[in-house]
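One structure below.
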Amino acid sequence: MSETLESIRVDKWLWAARFFKTRNKAKIAVSGGKVHVNGDRCKVSRTIKPGDVITLSRTDSKEDVLVTALSDQRGNATMAQELYEETKESIDRREEARAARLLTKAGLSTPKLRPTKKNRRELLKAKRQRA
């Protein structure tokens with residue numbers, strides 16, 4: 001972790017904090033409007049500093065994180081977790097979404113065995129009839 005940094009590009013920080021595997025994926029997310037800094041949509045070259053709030057929109061959830069430190073190098077997961085702190089509201093939203101997913105999945109039962117060849121043919125036939 002570099003303590004001398006005063007600000008850093010948002011895409012580089014997202015990569016260093018392990019929100020994205022590559023900087024290119026971080027750039028694509030920022031360009032696509034999936035990342036907001038302090039409530040405003042930002043560009044890839046936007047610089048952030050400690051105290052900024054970053055909102056990440058993922059497939060099924062939104063995460064709000066407070067930037068606590070800056071780093072321009074990608075380290076291990078323990079170091080990455082020291083770079084940010086998730087807000088209480090974000091944690092609550094994530095837990096509510098998890099509970100809702102569990103409730104919708106509660107009535108479903110998974111089969112104990114894989115379908116046989118005959119079962120697969122029947123499933124395929126039923127799918128073709130619906131289309």
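The chain is numbered in sequence order, starting from 1.
- No side-chain donor-acceptor contact under 3.5 Å links Ser90 to the backbone of Glu86.
- The closest donor-acceptor contact from the side chain of Ser61 to the backbone of Arg58 lies at 3.5 Å or more, if one exists at all.
- Minimum interatomic distance between Ala16 and Ala80 (heavy atoms only, all atoms of both residues): O-CB, 3.9 Å.
- No cation-pi contact links Arg74 to Phe19, judged by a cut-off of 6.0 Å to the six-membered ring centre and 45° from its axis.
- How far CD of Gln73 is from NZ of Lys12: 8.5 Å, rounded to the nearest 0.5 Å.
- In this structure a side-chain-to-backbone donor-acceptor pair under 3.5 Å is present from Arg18 to Gly75.
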Practice problem: Please test Ile54 against His36 for side chain to side chain contact (heavy atoms under 4.5 Å, CB included), starting from the C-alpha separation and ending with a verdict. | Solution: CA-CA 6 Å; Ile54 296 178; His36 291 71; over 6 Å; no

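- For the atom pair Arg46 CZ and Ile8 CD1, the distance stands at 14.0 Å (nearest 0.5 Å).
- Taking each heavy atom of Ala69 and Glu82 in turn, the nearest pair found is CB-O, 4.0 Å.
- Rounded to the nearest 0.5 Å, atoms CD (Gln129) and CG (Leu124) are 10.5 Å apart.
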Item to complete: Apply side chain to side chain contact (heavy atoms under 4.5 Å, CB included) to the pair Lys127 and Arg130, showing each step before the final yes or no.
Response: CA-CA 5 Å; Lys127 284 181 183 178; Arg130 272 194 279 158; 4.0 Å; yes

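- Between Thr47 and Asp52, the closest heavy-atom pair is O-OD2, 4.5 Å.
- A distance of 6.0 Å separates CD1 in Ile48 from CG in Leu70, rounded to the nearest 0.5 Å.
- Around CZ of Arg114, the count of heavy atoms belonging to other residues, nucleotides or ligands within 6.0 Å does not exceed 12.
- Of all heavy-atom pairs spanning Arg9 and Val44, the tightest one is NH2-CG1, 3.2 Å.
- In this structure, Leu83 is not a member of the same hydrophobic cluster as Leu66, with clusters built from ILVMFWY side-chain heavy atoms closer than 4.5 Å.
- The distance from the OG1 atom of Thr55 to the NZ atom of Lys34 is 13.5 Å, given to the nearest 0.5 Å.
- Look at Arg93 and Asp64 and you find a salt bridge, because one of the NZ, NE, NH1 or NH2 atoms lies within 4.0 Å of a carboxylate O, short of that distance.
- More than 12 non-hydrogen atoms from other residues, nucleotides or ligands lie less than 6.0 angstrom from CZ of Arg120.
- Hydrophobic clustering (ILVMFWY, side-chain heavy atoms < 4.5 Å, transitive): Tyr84 and Trp15 are in distinct clusters.
- Between Val10 and Cys42, the closest heavy-atom pair is CG1-SG, 4.2 Å.
- Glu89 contributes atom CD, which lies 14.0 Å from atom CD of Glu63 (distance to the nearest 0.5 angstrom).
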Review point. Should Glu122 and Lys117 be marked as a side chain to side chain contact (heavy atoms under 4.5 Å, CB included) after you check the CA-CA gap, both sets of side-chain angles, and the distance that decides it?
Key: CA-CA 9 Å; Glu122 290 171 354; Lys117 190 171 185 178; over 6 Å; no

Going through the distances and angles, do Phe20 and Ile28 end up as a side chain to side chain contact (heavy atoms under 4.5 Å, CB included)? CA-CA 10 Å; Phe20 297 97; Ile28 291 169; over 6 Å; no

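- No chain of hydrophobic side-chain contacts below 4.5 Å, direct or via other Ile, Leu, Val, Met, Phe, Trp or Tyr residues, connects Val53 to Leu14.
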